[in-house]
K.L.:
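After the structure tokens below, expect a handful of questions from me.
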Amino acid sequence: MIKLSFIIPVYNAEAYLERCIQTLYMQDIYEEDFEVIMVNDGSTDNSFTIAQKIANEHKNIKLFTQENQGSSVARNIALNNANGKFVSFIDSDDFLIPYTLKNVLEIAEKNLIDICSFKLIVQTPVGDKLGSEQNLPKLKVMTGEDAIVKGVNFWSVCSSIFSLDFLNQHNIRFTNGIISQDSEFNMRVYPLAKRVIFTDIISYYYFDNVTSATKSKDYKKVLKKIESLVYIANSTKQVASLLKSPFLRNNYIQRSNSMVIGLLKLLTQVQHRTAIPSAGVA
């Protein structure tokens with residue numbers, strides 16, 4: 001059985017894609033033990049041509065292409081075609097730190113883990129910094145609910161590997177059309193996980209895109225951020241209603257309320273420029 005599926009949405013990443021893929025083959029994992037699934041999301045540069053070239057060089061690469069629908073749809077296509085015991089999500093402008101993920105995979109296999117979390121390095125315009133720090137016990141198996149109680153932060157999905165059987169069992173996929181899809185995904189995943197483990201392994205190099213929608217001052221992108229915050233706040237409350245533990249319900253309600261506060265701050269920031277259509281939080 002294939003141990004690991006790398007899932008990579010590709011959009012206009014011609015400058016980074018080869019670097020990204022090269023690092024997957026520098027993890028000291030046998031090629032027959034992993035697969036690479038790239039989904040070209042309607043790139044308008046040479047990304048698809050580069051992806052085809054790379055795919056022709058390796059037998060363990062699957063390549064799909066679609067009209068631009070967003071990374072959520074691309075990730076879901078890859079999940080539906082994955083055969084690995086675990087899945088790892090990688091953005092095409094990021095890369096893995098060589099010879100690190102094998103250790104993460106071994107920990108996940110040994111402990112029959114649903115979610116195995118590691119650390120990443122964030123590249124910013126002012127220098128690198130350590131990201132995805134979780135102030136939770138390391139190398140101790142716990143439930144997802146325990147992790148929530150202990151204060152887990154719902155970082156990027158790129159800082160964890162997930163059991164594919166676990167995701168499929170609960171029919172977990174990414175929500176299309178929202179910003180901050182990773183935190184919304186993790187928000188739904190953690191309450192369902194029975195075996196979660198956190199490590200101190202630094203395995204991922206994350207490029208912090210200063211032009212991303214979460215930082216943009218462009219009106220349409222800001223509006224998209226607002227709509228996404230509304231959706232995630234409502235989604236968080238819906239998950240809260242399904243939780244049995246009163247503490248966890250309150251935890252999720254507090255998270256939802258924090259998002260509403262963030263939404264109000266964002267509305268205040270753009271209010272002087274233009275009117276924003278109202279959007280209600282249930």
Side-chain angles (χ1 to χ4, degrees), residues 1-8 20-37 60 75 78-79 82-91 94-123 128-170 172-174 182-183 185-206:
M1 179 180 181
I2 295 173
K3 295 182 179 181
L4 184 63
S5 298
F6 290 110
I7 290 177
I8 309 171
C20 173
I21 302 301
Q22 286 174 357
T23 63
L24 310 186
Y25 290 87
M26 300 172 65
Q27 297 304 316
D28 203 23
I29 303 174
Y30 293 119
E31 285 197 29
E32 58 266 28
D33 287 338
F34 73 93
E35 64 179 358
V36 179
I37 308 177
N60 62 341
R75 283 171 166 174
L79 279 171
N83 293 307
K85 185 176 181 180
F86 295 93
V87 294
S88 171
F89 300 103
I90 301 178
D91 292 338
D94 300 336
F95 61 90
L96 292 180
I97 298 170
Y99 310 111
T100 57
L101 201 68
K102 180 181 180 181
N103 295 330
V104 176
L105 179 60
E106 289 176 344
I107 291 170
E109 286 186 300
K110 179 181 178 181
N111 294 281
L112 303 175
I113 291 301
D114 295 327
I115 307 171
C116 185
S117 177
F118 48 90
K119 296 181 180 180
L120 52 77
I121 298 292
V122 180
Q123 180 192 52
D128 296 348
K129 65 179 181 180
L130 184 65
S132 68
E133 178 67 30
Q134 301 281 10
N135 294 318
L136 286 91
K138 301 301 187 291
L139 299 180
K140 177 182 178 181
V141 178
M142 64 183 73
T143 66
E145 290 188 351
D146 286 339
I148 296 168
V149 169
K150 294 179 184 298
V152 65
N153 290 303
F154 296 145
W155 302 112
S156 165
V157 295
C158 297
S159 63
S160 299
I161 63 174
F162 300 83
S163 162
L164 182 59
D165 282 346
F166 163 68
L167 297 181
N168 288 339
Q169 176 186 354
H170 296 285
I172 298 171
R173 293 296 187 265
F174 289 90
D182 288 21
S183 59
F185 179 91
N186 278 326
M187 178 272 296
R188 289 184 285 115
V189 164
Y190 266 88
L192 301 171
K194 301 301 181 185
R195 299 182 66 81
V196 177
I197 199 165
F198 298 88
T199 77
D200 275 325
I201 298 170
I202 304 173
S203 187
Y204 194 96
Y205 199 90
Y206 174 84

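The structure displayed is predicted, hence computed values, not measured ones.
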K.L.:
Taking the six-membered ring for Trp and the full ring for Phe, Tyr or His, determine whether the centres of Phe6 and Phe34 are under 6.0 Å apart.
P.N.:
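Ring centroids of Phe6 and Phe34 are less than 6.0 Å from each other.
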K.L.:
Describe, in one word, how the ring planes of Phe198 and Tyr190 are oriented to each other, choosing from parallel (under 30°), tilted (30 to 60°) and perpendicular (over 60°).
P.N.:
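Because their plane-to-plane angle is under 30°, the rings of Phe198 and Tyr190 count as parallel.
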K.L.:
Between Thr199 and Ser117 (side chain of the first, backbone of the second, donor and acceptor by atom type, cut-off under 3.5 Å), is there such a pair?
P.N.:
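Yes, the answer is positive, given that a donor and an acceptor are paired below the 3.5 Å cut-off.
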K.L.:
Step by step, would you call Phe89 with Phe174 a side chain to side chain contact (heavy atoms under 4.5 Å, CB included)?
P.N.:
CA-CA 12 Å; Phe89 300 103; Phe174 289 90; 3.6 Å; yes
K.L.:
Quick one: pull up CG in Asp165 and NE2 in His170 and give me the separation to the nearest 0.5 Å.
P.N.:
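So the CG of Asp165 and the NE2 of His170 are separated by 10.5 Å.
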K.L.:
Heavy-atom distance under 4.5 Å between the side chains of Phe162 and Asn186, does that happen here?
P.N.:
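Phe162 vs Asn186: side chains touch.
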K.L.:
Nearest 0.5 Å, please: how far is CD in Glu109 from SG in Cys116?
P.N.:
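Answer rounded to 0.5 Å: 10.5 Å.
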K.L.:
How are the rings of Phe95 and Tyr205 set relative to one another: parallel (under 30°), tilted (30 to 60°) or perpendicular (over 60°)?
P.N.:
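Rings of Phe95 and Tyr205: parallel, under 30°.
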K.L.:
Just wondering, do Asn83 and Glu35 contact through their side chains at under 4.5 Å, heavy atoms?
P.N.:
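Heavy-atom side-chain distance check passes, below 4.5 Å.
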K.L.:
Looking at every heavy atom in both Ala82 and Ile37, which two are closest together, and how far apart are they?
P.N.:
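Residues Ala82 and Ile37, closest heavy atoms: CA-CD1, 3.6 Å.
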K.L.:
Answer whether the closest heavy-atom distance between the side chains of Arg173 and Asn168 falls below 4.5 Å.
P.N.:
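Result yes, sub-4.5 Å side-chain heavy-atom pair found.
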K.L.:
How close do Gln27 and Lys102 get, counting heavy atoms only, and between which atoms?
P.N.:
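Looking at all heavy atoms of both residues, the closest pair is O-CB, 3.2 Å.
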K.L.:
Is the shortest side-chain heavy-atom distance between Phe166 and Ile113 below 4.5 Å?
P.N.:
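Phe166 vs Ile113: side chains apart.
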K.L.:
When you compare the side chain of Leu192 with that of Ile172, does any pair of heavy atoms fall below 4.5 Å?
P.N.:
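Result yes, sub-4.5 Å side-chain heavy-atom pair found.
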K.L.:
Among Leu4, Val36, Ile7, whose side chain to side chain contact (heavy atoms under 4.5 Å, CB included) with Ser88 holds?
P.N.:
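By the side chain to side chain contact (heavy atoms under 4.5 Å, CB included) criterion, Ser88 pairs with just one of Leu4, Val36, Ile7: Leu4.
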K.L.:
How far apart are the closest heavy atoms of Cys20 and Asp94, and which atoms are they?
P.N.:
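Nearest pair, atom of Cys20 first, then Asp94: CB-O, 3.2 Å.
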K.L.:
Answer yes or no: is there an ion pair linking Asp91 with Arg75, defined by an N-O contact shorter than 4.0 Å?
P.N.:
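Yes.
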K.L.:
Do Leu164 and Leu79 touch side chain to side chain, with heavy atoms closer than 4.5 Å?
P.N.:
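With C-beta onward as the side chain, the pair touches.
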K.L.:
Hey, what do you get for CZ (Phe154) to OG (Ser160), rounding to the nearest 0.5 Å?
P.N.:
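Nearest 0.5 Å value for the CZ-OG distance: 11.0 Å.
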K.L.:
Within this structure, what is the OG-CG distance for the pair Ser203 and Asn103, rounded to the nearest 0.5 Å?
P.N.:
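Those atoms lie 8.5 Å apart.
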K.L.:
At what distance, to the nearest 0.5 angstrom, does CD of Glu145 lie from NZ of Lys150?
P.N.:
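If we round to the nearest 0.5 Å, Glu145:CD and Lys150:NZ are 13.0 Å apart.
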K.L.:
Ile90 and Tyr204: side chain to side chain contact (heavy atoms under 4.5 Å, CB included), yes or no, with the steps?
P.N.:
CA-CA 9 Å; Ile90 301 178; Tyr204 194 96; 3.8 Å; yes
K.L.:
Please tell me whether Tyr25 and Asn60 have a donor and an acceptor in their side chains that are separated by less than 3.5 angstrom.
P.N.:
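Judged by distance alone, the side chains do pair up.
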K.L.:
Which pair of heavy atoms, one from Ile201 and one from Thr100, lies closest together, and at what distance?
P.N.:
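Looking at all heavy atoms of both residues, the shortest contact is CG2-O, 3.8 Å.
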K.L.:
Is the backbone N or O of Val196 less than 3.5 Å from a side-chain atom of Asp114, with the two atoms forming a donor-acceptor pair by type?
P.N.:
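Such a contact is absent between Asp114 side chain and Val196 backbone.
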K.L.:
Got Leu96 and Met26 here, is their nearest side-chain heavy-atom distance under 4.5 Å?
P.N.:
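Not in contact.
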K.L.:
Indicate yes or no: at least one non-hydrogen side-chain atom of Ile8 is less than 4.5 angstrom from one of Ile21.
P.N.:
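Side chain of Ile8 against side chain of Ile21, heavy atoms only: contact under 4.5 Å found.
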K.L.:
Measuring from atom OH of Tyr99 to atom OG1 of Thr23, what distance do you get when rounded to the nearest 0.5 angstrom?
P.N.:
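Rounded to the nearest 0.5 Å, the OH-OG1 separation comes to 11.0 Å.
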K.L.:
Apply side chain to side chain contact (heavy atoms under 4.5 Å, CB included) to residues Leu105 and Lys3 and explain how you reach the verdict.
P.N.:
CA-CA 8 Å; Leu105 179 60; Lys3 295 182 179 181; 4.1 Å; yes
